[in-house]
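As the structure is a prediction and not an experimental result, all values here were calculated from the model.
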Amino acid sequence: MTQEKDLEGLGGWLILVGIGIILCPLRGIAFILPTYVKLFTNGSWEMLTTPGTEAYNSLWAPILIGEISINVAMILVWGFIAFLFFSKKENFPKWYIGIILFTTAFILADAFSIKLVMPDEPIFDPDTVKEFSRSLIVTFIWVPYMLTSKRVKATFIK
């Protein structure tokens, strides 16, 4: 019982999890703002979504709107996950694992959806490879940790 009590709290490897939880939404905002603001201010949106233009494809608008919506939702979910983490709520590990797995799946789905409108481009450009690799590393490290860590169990699972 005292060993479990010693493990309870946001210490050990959970400090790295906490840093990641804080950085993920900030990183998302840093990506979304310049990318999507530029999309709507430099004429790209009109070029991609207006019938008759050279780059038009009827799938661009739903793909881009879906991508923006999911990225904004993920930032909000990361905020909720931060609340669960710092409040030491019991369902934190499930939400954390869920967002990590969703992020990995979303990167793949997004790459394949872009391939639909740009069939001559590779599915995995360097940025996609980088993001997918990062996501896989996070998945392979933190999902097993959340499932097997004594500290996670002592802190969140009551």
Side-chain angles (χ1 to χ4, degrees), residues 10 12-40 42 44-45 47-49 55-158:
L10 302 176
W13 291 104
L14 282 178
I15 293 171
L16 294 178
V17 173
I19 292 169
I21 288 170
I22 292 167
L23 292 179
C24 271
L26 296 176
R27 196 170 151 261
I29 291 167
F31 168 75
I32 284 176
L33 282 178
T35 302
Y36 297 128
V37 167
K38 188 172 22 169
L39 175 73
F40 290 107
N42 71 3
S44 296
W45 173 260
M47 185 177 66
L48 296 171
T49 61
Y56 173 76
N57 187 306
S58 62
L59 295 175
W60 270 124
I63 287 171
L64 292 171
I65 290 169
E67 193 177 88
I68 292 167
S69 301
I70 290 170
N71 277 307
V72 169
M74 285 175 42
I75 289 169
L76 296 174
V77 169
W78 276 111
F80 177 67
I81 288 171
F83 164 76
L84 294 175
F85 179 78
F86 291 109
S87 302
K88 301 178 192 167
K89 299 291 185 186
E90 185 175 341
N91 53 357
F92 163 75
K94 293 175 189 168
W95 276 89
Y96 185 76
I97 290 168
I99 193 75
I100 287 173
L101 295 175
F102 178 82
T103 300
T104 303
F106 174 62
I107 292 168
L108 276 179
D110 190 46
F112 282 103
S113 67
I114 297 298
K115 182 71 172 172
L116 292 173
V117 293
M118 299 175 69
D120 296 333
E121 296 296 319
I123 291 177
F124 296 108
D125 64 2
D127 287 337
T128 304
V129 169
K130 180 176 144 190
E131 287 304 311
F132 187 65
S133 298
R134 179 181 297 157
S135 184
L136 281 178
I137 291 168
V138 167
T139 300
F140 290 137
I141 292 172
W142 295 116
V143 169
Y145 176 76
M146 288 293 146
L147 294 172
T148 62
S149 167
K150 291 177 184 175
R151 182 174 296 277
V152 169
K153 285 181 180 71
T155 304
F156 299 106
I157 301 171
K158 314 253 187 294

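- Atoms CG and CD1, from N71 and I29 in turn, are 11.5 Å apart once rounded to the nearest 0.5 Å.
- Within the 4.5 Å cutoff, no side-chain heavy atoms of P62 are placed close to those of W60.
- Rounding to the nearest 0.5 angstrom, the gap separating the CE atom in M146 from the NZ atom in K153 is 11.0 Å.
- Looking only at side-chain heavy atoms (C-beta outward), L48 and N57 stay at 4.5 Å or farther from each other.
- Residue pairs meeting the side-chain hydrogen bond (donor to acceptor under 3.5 Å, both in side chains) criterion with at least one partner in residues 113-125, sequence neighbours excluded, are D125-T128.
- For the pair L101 and F106, the minimum side-chain heavy-atom distance is 4.5 Å or more.
- Outside the 6.0 Å centre-distance limit, the rings of W95 and F92 are not counted as a close aromatic pair.
- Here NZ of K89 is found 9.5 Å from CZ of F80. Values are rounded to the nearest 0.5 Å.
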Applying side-chain contact (heavy atoms from CB on, under 4.5 Å), run through R151 and Y145 and close with a yes or a no.
-> CA-CA 9 Å; R151 182 174 296 277; Y145 176 76; 4.2 Å; yes

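- Considering every non-hydrogen atom in both F31 and P34, the closest pair reads O-CD, 3.5 Å.
- Side-chain contact between V17 and F85 is present, with heavy atoms from C-beta onward closer than 4.5 Å.
- For F83, there are no ring-ring contact (aromatic ring centres under 6.0 Å, His included) partners two or more places apart in sequence or in a different chain.
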What do the steps show when you test L16 against W142 for side-chain contact (heavy atoms from CB on, under 4.5 Å), and what is the final call?
-> CA-CA 10 Å; L16 294 178; W142 295 116; 4.0 Å; yes

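- A donor-acceptor pair shorter than 3.5 Å can be found between the side chains of T139 and T104.
- The shortest side-chain heavy-atom distance between F156 and L14 falls under the 4.5 Å cut-off.
- Within the model, atoms CD1 of I99 and CD1 of I21 stand 11.0 Å from one another, a figure rounded to the nearest 0.5 Å.
- Note that the CG atom of L39 and the OH atom of Y36 stand 8.0 Å from one another [nearest 0.5 Å].
- Proximity of I70 to M74: side-chain heavy atoms (C-beta onward) are separated by under 4.5 Å at one or more points.
- With sequence neighbours left out, A61 forms a side-chain contact (heavy atoms from CB on, under 4.5 Å) with W45, T49.
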